[in-house]
Amino acid sequence: MREFFLPVIHSALLSAGIMTEKPINIEQPADKKFGDFSTNIALLAAKECRKNPRELAQTVIEHLIFPKDTISKIEVAGAGFINFYLAPLFIMQSVEQVLFDGDEYGKGSIGKGEKAVVEYVSANPTGPLTIGRGRGGVLGDCIANLFDAQGYEVTREYYFNDAGRQMQILGESVRLRYMERCGKAIEFPATHYQGEYIGEIAELMYQDHGTALAESTEVPIFKKRAEEIIFASIRKTLERLSIRHDSFFNEHTLYMPDEAGITANQRVIDKLRANGFISEYDGATWFQTTKLGQEKDKVLIKSSGEPSYRLPDIAYHITKFERGFSMIVNVFGADHIDEYPDVVEALKILGYDTRRIKVAINQFVTTTVDGQTLKMSTRKGNADLLDDLIDDVGADATRLFFIMRSKDSHLNFDVELAKKQSKDNPVFYLQYAHARICSLLRMAQQEIGFDPASSPDRHLLQLLNSPAELQLGFALLDYPDMIKTSLRLLEPQKMVEYLHALAEFFHRFYQECPILKAEQDVAKARLFLSLATRQVLRNGFRILGVSAPESM
RNA sequence: GUGCCCGUAGCUCAAUGGAUAGAGCAUCAGCCUUCUAAGCUGAGGGUUACUGGUUCGAGUCCAGUCGGGCGCACCA
C-alpha cells in the first residue's frame with residue numbers, strides 16, 4: 001500500500017509548493033481510530049517550511065488527489081498527522097485480488113533478475129544436528145523463502161569442510177571406539193567426540209570389517225565412513241523439517257590448484273599482499289587488521305602451513321561474487337559473531353561491493369520442560385539433539401517455535417507448550433483457523449452449493465461492511481507489505497505475528513458473522529472472504545514451511 | 001578487560017522515532033438446542049533496569065551505570 005500513497009502525497013507536496021527533503025513515511029496507526037494509514041510528513045517538514053504542522057497538513061490535504069472510491073475520509077489529527085481511512089469496498093477488493101492471484105498473492109518483484117545465495121546450517125559433519133543449529137536452519141530456510149517470494153533466483157547453500165582438524169579428531173574417535181569394540185584396551189581422550197553415535201559408527205564398521213582393521217593406525221578410512229554416515233543423518237534430519245539445500249560447497253575445493261596451479265586461498269593472500277595487508281611473523285601469515293583499527297592481526301596461514309578458517313572463508317565469499325550472486329545472505333548463530341567482520345573487511349579491500357552481503361545472526365536456544373531449563377551439552381546425553389525435539393513435538397511446532405521470536409532474542413523453547421493441542425499453542429491456533437475454514441467450505445458446498453472456483457462481484461463485496469469483516473479484509477490487503485517487511489528485516493517472526501493476527505481476525509469474524517445461515521448473497525460474500533483468508537493463510541504457511549491441515 | 005545481543009505486565013514475548021506501550025498464558029467474569037468452544041467477549045495487572053542527552057515527539061537514537069547471554073585461538 002506504500003506504493004499507493006507515495007505518488008499521491010508526493011504530487012500533493014509539489015502542487016502545494018512544499019519543498020522538503022524529508023522522507024514520506026506511510027505508517028499504520030496502532031489504533032484504528034487514527035485511520036487505516038497515516039503520514040507524519042507535515043510534522044517532519046514543519047520546521048524547514050517555518051509553518052505550524054497542523055496548518056501544513058491541512059494544505060497538503062487540499063492538494064491530495066486519490067483515485068475514485070478508494071479513500072473514505074482524510075483528516076488532520078494530533079500534532080499534525082494526516083490520517084487516511086480506506087473505503088470499505090476498496091478494502092474488500094482485496095478478496096477479489098487474493099482469489100485471482102491464488103498461490104501467487106503477496107509475491108513481489110523486488111529481486112526480479114537477481115540471483116541470491118542464502119547460506120545456512122553449514123555444520124561440519126562431526127555429529128548430529130543440535131537444537132541450536134535447528135534454529136538457524138529454519139531461520140535460513142524461511143529467509144530463503146522470502147527472497148524467493150520477491151522474485152530472486154535463490155540458491156540455498158550449505159558450506160562444509162571435511163578436511164580440517166575437527167574431522168581428523170572425528171576419525172580418530174571412531175577408530176578408538178572400533179578398537180575398543182575389537183576388545184582392545186583404549187584410552188579415550190576428553191578432547192575427542194564423546195557422543196554415543198561414535199560408538200554406533202564403530203559398531204557398523206565392526207560389522208563390515210570384523211577385526212580386520214584392528215591393527216591399523218590409518219585414520220582416513222574411519223573418517224570417511226563417519227562423514228558419510230553423519231552427513232546422511234544430518235540431511236535426513238533437515239529433510240524432516242523440509243529443509244533442502246540446492247548446493248553443498250566443500251571448503252576443500254578452495255585448497256585445490258586451478259589450471260594455473262594456484263589455489264583460491266593463495267589468490268586471496270596474493271591480492272591482499274598486493275594491497276599491503278599481509279605480513280609474516282612468528283612463522284605465520286597474518287591479515288593486518290591492525291591497519292583497520294583492530295587490536296590484533298588475524299592469522300590466515302598457521303605456522304604449520306595450514307590455512308586458518310578465515311582464509312578459505314574469504315575465498316569462499318569471493319566465489320559467491322564470482323558465481324554472479326548479487327545478494328549474499330549468511331545465516332548463523334551468535335557464537336560466530338566475530339567471524340564475518342574480518343571477511344567483509346578483506347572483501348572490501350579486494351574491491352567487492354560488500355553492501356550486497358547481509359548477515360542474519362540468531363541468538364541461542366534453551367529448552368524448558370516443566371519449567372526446568374535443560375542445559376545443552378554436546379558431550380552428554382541426547383537432550384539437545386534436533387531429531388529428539390522433532391520426535392517430541394513434530395516438525396510444524398519445531399519450525400514455528402524457532403521463528404516465532406525475534407532472532408535477536410534468546411529463544412525459550414517450551415517443549416510442553418509445543419506439544420499441547422490447544423489454543424495456548426500458537427501452532428494449533430494458526431492451523432485451526434485454516435482447518436475451520438476448510439470445514440466451513442465443505443459444508444457450504446453441501447448445504448448451499450457454493451462453488452469455490454467462482455468469483456465475487458462488486459455487489460457481493462459491498463455487502464461486507466461490518467467491523468469484523470473489514471478488519472479481516474484489511475489484513476488480507478496487508479499481506480504483500482508483510483512479506484516485504486519480513487524480508488527487509490530478515491525476520492520471519494514478523495510473518496508469524498501477522499498470521500496470528502489474521503487467524504484471530506478470522507475467528508472473530510466467524511464468531512460474529514453467521515455465514516451459512518445468512519441471507520443468500522451475504523452468505524456467498526462471507527464465503528468468498530473466508531476463501532480468501534484461507535488462501536493467505538496457506539501462502540503464509542508456505543513461507544514459514546508449516547503445513548496447512550484440511551481438518552483437525 | 002573488550003565486541004555483539006538482550007533487559008517491557010506474575011510468566012513467554014510484541015511495538016518501520018509517533019498519538020492512551022500491546023498480545024498470549026496465568027487470575028477473575030461471561031458466550032455452544034445454531035457453520036469445528038482446538039473458538040469468541042470483557043476485567044484487573046506497567047515509573048519500558050537506572051541516570052543524563054538529542055528531538056515537536058524516545059521502549060526505540062546517543063553517552064554512561066547496573067544486570068543476563070554469546071564470543072574474544074596459529075578451533076571452525
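What you see below is based on every heavy atom in this structure, not just the backbone, and it leaves out hydrogens, waters and symmetry mates. Only a predicted model underlies this, so the values are computations on that prediction, with no experimental measurement involved.
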Base-pairing mate for U2(B) - Watson-Crick or G-U, with both contacts under 3.5 Å: G71(B)
Aromatic ring proximity, centroids under 6.0 angstrom, Phe37(A) and Phe474(A): yes
Separation between the C1' atoms of U16(B) and C72(B), rounded to whole Å: 33 Å
Complementary nucleotide for A38(B) - Watson-Crick or wobble, under 3.5 Å: none
Note: Glu519(A)-Lys524(A) ion pair, threshold 4.0 Å (strictly below): no
Closest-nucleotide 5' rank along RNA chain B - winner of Lys296(A) and His410(A): His410(A)
Distance, P atom - from G52(B) to G44(B), rounded to whole angstrom: 32 Å
Phe81(A) aromatic ring stacked with six-membered ring of A19(B), 5.5 Å and 30°: yes
P atoms of U60(B) and U48(B), separation to the nearest Å: 10 Å
Touch class at under 4.0 angstrom, heavy-atom based, for Met443(A) against every strand present: sugar-phosphate
Within the 6.0 Å centroid threshold, strictly below: Phe249(A) and Phe160(A): no
Whole angstrom value for the distance that separates C1' of G22(B) from CD of Glu504(A): 11 Å
Distance in angstrom units between His500(A) NE2 and C25(B) P, rounded: 8 Å
Per Gln363(A) side chain, nearest of listed nucleotides A38(B), G69(B), A14(B): G69(B)
Span that lies between the P atom of A23(B) and that of G42(B), in whole angstrom: 9 Å
Base partner of A63(B), which must satisfy Watson-Crick or wobble distances under 3.5 Å: U51(B)
Sugar-phosphate, base or nothing in reach of Ser406(A), heavy atoms under 4.0 Å: sugar-phosphate
Distance-only polar pair, side chains of Thr290(A) and Asp297(A), donor-acceptor under 3.5 Å: yes
Sugar-phosphate, base or nothing in reach of Leu441(A), heavy atoms under 4.0 Å: nothing
N/O donor-acceptor pair, side chain Asn40(A) with base G18(B), under 3.5 angstrom: yes
Sugar-phosphate only, base, or nothing, as touched by Ser303(A) at under 4.0 Å among non-hydrogen atoms: base
Touch class at under 4.0 angstrom, heavy-atom based, for Glu512(A) against every strand present: nothing
Distance in angstrom units between Leu400(A) CG and A38(B) P, rounded: 20 Å
Syn/anti state of C70(B) by chi, 90° boundary around 0: anti
Strand partner of G10(B), provided both Watson-Crick or wobble distances fall under 3.5 Å: C25(B)
Between His252(A) and Tyr255(A), ring centroids under 6.0 Å: yes
Length of the CG-P vector between Asp408(A) and C4(B), whole Å: 13 Å
Phe528(A) ring center within less than 6.0 Å of Phe450(A) ring center: yes
Rounded P spacing from G18(B) to C61(B) in Å: 11 Å
Gln166(A), nearest nucleotide to its side chain (from C75(B), U16(B), C70(B)): C75(B)
Sugar-phosphate, base or nothing in reach of Cys438(A), heavy atoms under 4.0 Å: nothing
Sugar-phosphate, base or nothing in reach of Asp313(A), heavy atoms under 4.0 Å: nothing
Closest listed nucleotide, where the reference is the side chain of Tyr510(A) and the choices are C70(B), C35(B), U55(B): C35(B)
Spacing of CG belonging to Asp521(A) relative to CZ belonging to Arg526(A), to within rounding of 0.5 Å: 12.0 Å
Residue Ile515(A), side-chain atoms from C-beta onward, closest of C35(B), C56(B), C40(B): C35(B)
Sugar-phosphate, base or nothing in reach of Thr485(A), heavy atoms under 4.0 Å: nothing
Near-parallel close stack of Phe34(A) and A19(B) base (under 5.5 Å, under 30°): yes
5' priority, RNA chain B, between Ser439(A) and Arg405(A) [closest heavy atom]: Arg405(A)
Test item: side-chain donor near acceptor, His434(A) and Arg538(A), under 3.5 Å: yes
Sugar-phosphate only, base, or nothing, as touched by Glu497(A) at under 4.0 Å among non-hydrogen atoms: sugar-phosphate
Whole angstrom value for the distance that separates C1' of C4(B) from CD of Glu339(A): 14 Å
A15(B) and A76(B), which share atom name P, separated by this distance in whole Å: 37 Å
Sugar-phosphate, base or nothing in reach of Ala433(A), heavy atoms under 4.0 Å: nothing
Touch class at under 4.0 angstrom, heavy-atom based, for Asn83(A) against every strand present: base
Sugar-phosphate, base or nothing in reach of Gln28(A), heavy atoms under 4.0 Å: nothing
Sugar-phosphate only, base, or nothing, as touched by Leu44(A) at under 4.0 Å among non-hydrogen atoms: base
G59(B) versus U8(B) - spacing of their P atoms, nearest Å: 15 Å
Sugar-phosphate only, base, or nothing, as touched by Asn124(A) at under 4.0 Å among non-hydrogen atoms: sugar-phosphate
